[in-house]
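Side-chain atoms are counted along with the backbone in the values below, which use heavy atoms only and exclude waters and symmetry mates. Predicted model only: the values in this text are computed from it and were never measured. The chains referred to below are lettered A, B, ... by the order of the sequence lines, with proteins before strands, and numbering in each begins at 1.
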Amino acid sequence: MSDRLERLLNLVIALRETRRPMTTREIHERVAGYGQADWATFRRMFERDKADLRDLGVPITLAPLDRWDPTEGYRIDPRGAELPPLALDAAEVTALSLAASVTGMDALARPGLRKLEIDADAPGAADTVPRMGIELPLSAPHLPRLLAAHRARTPVRFAYRTADGRDTVRTVEPHGLVHRAGRWYLVARDRDRDADRAFRLDRIVGEVDDAGPPGSVDAPSQPVAVDDVLPDQPTPRRAEVRAREPALAEVRAAAEHEGEPVTGGWWRLRVTFRDPARLAGWALRLAPDVIVVGPDDAADAFRAAVDVVAAA
Amino acid sequence: MTRAPRTLTRLERLLRVVPWLLAHPGTRVEEVAATFDVDAEELLADLELLSLCGVPGYGGGDLVEVRIVDDRVTLHLADALRDPLRLTAVEALALLLAARAVSALEGVAPPALNRAADRLAGALGADEALVVDIAAPGAEVLRTCQRAVVDRHVLRLRYRDAVGNVTERDVEPWAVTANRGAWYLQAHCRRAGARRDFRLDRVARLEPTGELTAEPPAELSPPGYQPAADDPRIEVAVRRDAAGVLDDLPAARVEADLEGGSWLRASAPVGSLDWATRFVLAGGGAIQPLAPAELVAAVRERAAQTRRALDDAVAR
């Protein structure tokens with residue numbers, strides 16, 4: 001095990017100190033820890049080492065050996081890092097650590113926080129976090145994978161379970177990620193249906209696989225219009241309802257006004273709604289103490305729902 | 001989550017320790033170990049391993065020099081490892097998401113958080129395709145609850161429940177928690193003598209009583225229904241295109257297809273038959289009660305009363 005650690009350290013040192021990029025052959029021959037392996041074994045070892053180092057944030061880049069030689073080799077070039085240096089201060093690192101803790105993202109955020117601590121010359125800043133007493137769970141399965149795919153503009157493929165329990169395989173081009181009402185959605189163009197869709201991350205079944213090379217997803221022609229693909233959001237309107245005890249307090253809270261008394265303990269109020277069916281469901285939950293009387297489409301939807309439920 | 005193999009953990013730590021040591025030469029071993037939260041022996045083992053590494057050639061002058069004099073560590077020939085690791089884009093995105101979400105909690109988010117979020121967003125290149133909408137509760141309510149949780153103050157609250165009953169109760173606050181887009185104060189309710197999760201958007205009034213209370217329990221299940229062994233069970237038919245309502249029925253089991261696949265039969269435990277009655281009614285016809293008989297009767301009765309109320313309203 002410490003063999004591998006030595007080998008990784010030697011690789012990092014060699015690739016950082018080299019003046020010219022090193023070819024795989026040179027790495028095999030010259031970097032301690034690789035020489036004993038045959039070529040095939042070396043290739044596997046090196047690929048894994050390279051991937052692990054990149055995951056840690058070591059900027060291993062591939063470049064031509066020089067102006068005249070198109071052969072490519074590897075080197076570590078700080079300018080090849082994904083992001084520029086950030087130079088946060090200790091208070092900012094602590095604040096980020098607090099946010100990671102509140103959102104349940106600690107595990108995902110820890111390696112990044114540790115790096116920021118060193119940049120800030122404040123090791124331990126991520127540990128001095130006051131107790132907030134607030135929980136806002138934000139982590140989700142597949143989230144890091146989809147963040148990476150979106151960032152790299154890589155199409156992906158996954159099995160997806162729709163609300164009625166059927167699984168289908170989808171091939172999609174990620175356009176954005178949205179967190180709303182406690183759920184994560186991937187907004188993406190579904191290639192097979194040639195349409196934009198929103199996929200709930202908690203309905204993705206199994207692994208998310210790459211469905212093409214990075215950079216092969218075109219940016220959407222308009223910015224991600226989340227509301228177009230997520231449930232909801234026709235224009236709000238006012239409905240006229242009647243309500244009586246004990247539902248009055250609840251309806252008044254929704255209506256944001258007291259209403260006017262009508263007769264027999266009933267009051268008239270106006271509530272905002274977008275979808276007649278959902279309004280009917282809301283009112284029926286408080287049955288028999290709320291009825292919807294206008295506008296016409298809302299009243300009709302309510303009466304229709306009442307009739308169905310009464311007859312069942 | 002799988003644990004990173006030991007080797008990568010040690011490597012990651014070394015890649016942080018070395019830049020720090022190069023910036024702080026001559027620090028005592030114990031202090032370095034404490035700073036990086038590692039045993040002194042482990043640190044020394046890692047440094048010893050480091051001294052066997054270097055540039056190809058691996059002769060004298062090629063290897064990293066680790067000098068420990070009077071317990072103080074200085075590194076030489078370690079410039080290749082001087083660059084601190086940079087954040088990867090995914091690490092930065094995860095931090096940015098957390099930062100933006102918590103920044104939206106007015107009154108409780110530290111000012112440094114916004115600054116940090118802006119720096120992250122700047123480094124990533126503005127990414128409008130990442131949206132975090134947390135429906136933050138009002139600053140006053142949030143601040144009062146959060147303070148009460150941390151300082152363990154008993155709160156008196158006036159609360160309206162889901163069907164409109166307004167009550168006053170003293171509670172021992174445990175946590176402020178977001179779940180499925182709603183915010184809750186999880187607390188021990190002295191009136192009920194049990195845990196209750198209060199939706200913050202139903203809290204009409206809230207103030208500390210001046211009394212302190214005990215520490216909250218270490219683990220709290222998320223807000224929402226937790227089935228208990230002797231809870232009533234219901235059976236319902238759900239229209240397939242409305243199957244999303246099953247999300248509101250925790251521990252529901254879908255048992256069969258009905259009517260050639262256009263309906264599903266599901267069974268589930270529920271907190272009360274009254275809750276189940278309202279759940280079925282709220283389906284507006286997309287949910288039909290199958291069992292128990294009391295549920296079927298209650299749904300039918302309330303629907304019939306509603307129809308009479310509609311007919312009366314129209315007649316007037």
>> Quick check for you: among B/T35, B/L50, B/N179, B/L97, which has the greatest number of heavy-atom pairs under 4.5 Å with chain A?
In response: B/L97
> Any sub-3.5 Å donor-acceptor pair from A/R244's side-chain atoms to A/G265's backbone N or O?
Replying inline: no
> Which one, A/A249, A/P144, A/P288, leads in non-hydrogen pairs under 4.5 Å with chain B?
Replying inline: A/P288
> Looking at A/D119, A/L116, A/V290, which makes the most heavy-atom pairs under 4.5 Å with chain B?
Replying inline: A/L116
>> Under a 3.5 Å distance rule, please check whether A/W184 uses its side chain to pair with a backbone N or O of A/P141 as donor and acceptor.
In response: no
>> Which atoms of A/L143 are under 4.5 Å from chain B, going by heavy atoms: the side chain, the backbone, both sets, or neither?
In response: side chain
>> Tell me which of these, B/L85, B/L14, B/V149, B/V90, has more heavy-atom pairs under 4.5 Å with chain A than the rest.
In response: B/L85
> Would you call A/R110 and B/E12 a salt bridge, taking side-chain N to carboxylate O under 4.0 Å as the test?
Replying inline: no
>> Need one label for A/V251: side chain, backbone, both or neither, based on atoms under 4.5 Å from any heavy atom in chain B.
In response: neither
> Under a 4.5 Å heavy-atom cut-off, does chain B meet the side chain of A/L53, its backbone, both or neither?
Replying inline: side chain
>> Between A/I118 and chain B, with a heavy-atom cut-off of 4.5 Å, which part of the residue counts as in contact: side chain, backbone, both or neither?
In response: side chain
> Which of the residues A/P174, A/A148, A/G112, A/A305 is involved in the greatest number of heavy-atom pairs with chain B at under 4.5 angstrom?
Replying inline: A/G112
>> Heavy-atom pairs under 4.5 Å with chain A - which of B/A94, B/A135, B/G54 has more of them than the others?
In response: B/G54
> Are the charged groups of B/D118 and B/R100 less than 4.0 angstrom apart, N to O?
Replying inline: yes
> Backbone N or O of A/G124 within a donor-acceptor pair of the A/E117 side chain at under 3.5 Å?
Replying inline: yes
> What part of B/D83 gets closer than 4.5 Å to chain A, counting heavy atoms only: side chain, backbone, both or neither?
Replying inline: side chain
> Highest number of heavy-atom pairs under 4.5 Å with chain A: which of B/D37, B/D79, B/V108, B/V254?
Replying inline: B/V108
> Which one, A/R7, A/E82, A/M105, A/E17, leads in non-hydrogen pairs under 4.5 Å with chain B?
Replying inline: A/E82
> Is the shortest distance from a Lys or Arg side-chain nitrogen in B/D247 or A/R183 to a carboxylate oxygen in the other one below 4.0 Å?
Replying inline: yes
>> So which residue, A/M132, A/K115, A/H179, ends up with the most heavy-atom pairs under 4.5 Å with chain B?
In response: A/K115
> Picking from A/V306, A/T103, A/L284, A/L83, which has the most non-hydrogen pairs under 4.5 angstrom with chain B?
Replying inline: A/L83
> Between B/R202 and B/D161, is there a side-chain N and carboxylate O pair less than 4.0 Å apart?
Replying inline: no
> Can you say whether A/R166 sits under 4.5 Å from chain B via the side chain, the backbone, both, or neither, judging by heavy atoms?
Replying inline: side chain
> When only pairs under 4.5 Å are counted, which of B/A282, B/A148, B/A303, B/A243 shares the most heavy-atom pairs with chain A?
Replying inline: B/A282
> Contact part of A/R16 toward chain B, heavy-atom cut-off under 4.5 Å: side chain, backbone, both or neither?
Replying inline: side chain
>> Given heavy-atom pairs under 4.5 angstrom as the criterion, report whether the side chain, backbone, both or neither of B/I134 touches chain A.
In response: side chain
> Which residue out of B/V102, B/I287, B/L264, B/T306 racks up the most heavy-atom pairs below 4.5 Å with chain A?
Replying inline: B/T306
